[in-house]
Amino acid sequence: MLPEAPPIMAAPTPAAPPGGWSPAIVPPPPGPNASGTPQTAYSPDQAGFERWKDGFLNRKGGARRDLYAQQMAGLTPDPDVIRLDGNQPEFSRPAGAYIANAASAARIAEARRRIDAVPWAVTQRFGVPAEILVSIWGNESSFGQVQGNSDVIRSLATLAFDGRRRDWAEEQLKHALDIVIDGRRDRAGLKGSWAGAMGQTQFMPDNYLRLGVDQNGDGKVDIWGTESDALASAANLLAQAGWKRGQAWGYEIRLPDNFDYALAEADGHNWNFWTQRGVTLARGGAPTADEAAENGVILLPQGARGPAFLALPNHYIIRRYNNSVSYALAIGLTADGAAGKPGLVGTWPEDGPISRDQRFGAQTALARAGYDPGGIDGVIGSGTRRALKQWQIAHGRIPDGYLTAALADELMRGN
C-alpha cells in the first residue's frame, strides 16, 4: 500500500508514485488534538494562548524575538480556524460529490478561457502543462477571486496554540513572521485562508519563501496580485516535486468482472501488468510508451461501484499540493476538460457524506478488531483503506477499501 505523499523537496521515487506527506499548500488533514482525543467545540483561552505565545517566542524567536513579539502583539485565537480545520470537504465528502463541484462544467469552461494567462516561458521552463496550472488556479482561488481574508499570522498562531499540529504550525508561523519582517509583504497584506494558505495559488509561507517565483521581474514575488508570479510559483512547486514532462496524471479505466480488488490502491505496476489482468482504458487506446513503463496504481475513490482510475506519478505530484485523492482527481479532470478531452464514462454513486463521528468510530472499530488504520485521526487515508480492505477480505466482502456511512455504522456496532 502506498503511503501518503512525501515532503515536497524529497527526491521522488521513479519506480513508484510518491508516498508519505508533508504540507505543501494545505496543512495536514484534521485529526485529534494534542491529547489524542477528537476535537469538539472550541473555546478560546486567552490566558493559555499568552502562555503558548511566550513559549513560542522563547523557542523560535532567537535574535528576532522582539520583532516577532511586535507582530504578535494583541493577537487572540480564532475559533473559526479550529472549526474549519475539522471539516475539510475533500476529506469528508464522497469523491463524486466533491469532484462534481470542483471540476464542474463552469470551472472547466473558465479554465479553458484562462489558458493564455499562463506564460509560455513558464510551461517551457518547468514542464507543467498550462491546463494543470489553470486547474490549480481555479480550484485554489477561483482564478484569484477568492484568496481568503484571514490574518495569516493569527490563523497559524491559532493552529499552533491548538496543539494538535504544533510543530508544523509553529514553523509556518515563523516563516510568515519572517515574510513581514524581511519586507517581502506588509502585515496588512499578509492575508490568506483560515489554514494560512496565501495568494492566487494558495501557498503556505515556507513554500512562498522557497519556491515563489518573480515571473514578471519586478523584484518581488507577488502571488496575491500578479497572475504570472502565482502561476509560475505553482509550476515551480510541481517541477521541484518531480513532475514528469509529457506524461498525463492518469486515465479513467475499466475493470473486468473478475478483477481482484485487493490489487487496487496497493503496489504500482506497469501497463502490461494491468492489461494482463483485463484492465483497459475507459475510452480505448493505450497510454504512451513512457506512461506504460511507469508504475501505475489503480484508484477506486468510491469503491467498486464508482469510476476507476489508473494513477500515474503525476497524480501523486498533484497531491503534494493537497494530499487528497478527491482533490488530485479534480485537478486532473479539470485539466483534461480544459484540454478538450471528454468527461468520465463511469458515473459516481450517490453516497452521502461520512460524519466526523463515523470516521473516528470506524477507525477505532477497525483498530479494536486488529486492523491497524495507522492512527485514529478521522481521515480516511491509505492506512484506513488498507485496514478496511483487510476487514472486508476477512468478512467475505469486495475488498475495495471504500468506507460508506452505512459500513461505518456496521463497524461501530461490531458486526
How would you list, by chain and number, every residue that makes a side-chain hydrogen bond (donor to acceptor under 3.5 Å, both in side chains) with [X], sequence neighbours excluded?
{"X": "D336", "result": "W249"}
{"X": "S193", "result": "none"}
{"X": "Y208", "result": "none"}

Side-chain ion pair, [X] and [Y], N-O less than 4.0 Å:
{"X": "K389", "Y": "E265", "answer": "no"}
{"X": "E110", "Y": "R107", "answer": "no"}
{"X": "R385", "Y": "D400", "answer": "no"}
{"X": "R64", "Y": "D182", "answer": "yes"}
{"X": "R59", "Y": "E170", "answer": "yes"}

Is there side-chain contact between [X] and [Y], with at least one heavy-atom pair below 4.5 Å?
{"X": "Y251", "Y": "E291", "value": "yes"}
{"X": "L263", "Y": "I298", "value": "no"}
{"X": "K174", "Y": "Y68", "value": "yes"}

So, the side chain of [X] versus the backbone of [Y]: is there a donor-acceptor pair under 3.5 Å, distance only?
{"X": "R184", "Y": "K220", "result": "no"}
{"X": "Q145", "Y": "S142", "result": "yes"}
{"X": "R277", "Y": "F273", "result": "yes"}

Are R356 and F360 in a cation-pi contact, defined as NZ or CZ under 6.0 Å from the six-membered ring centre and within 45° of the axis?
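Checked: cation-pi criterion not met.
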
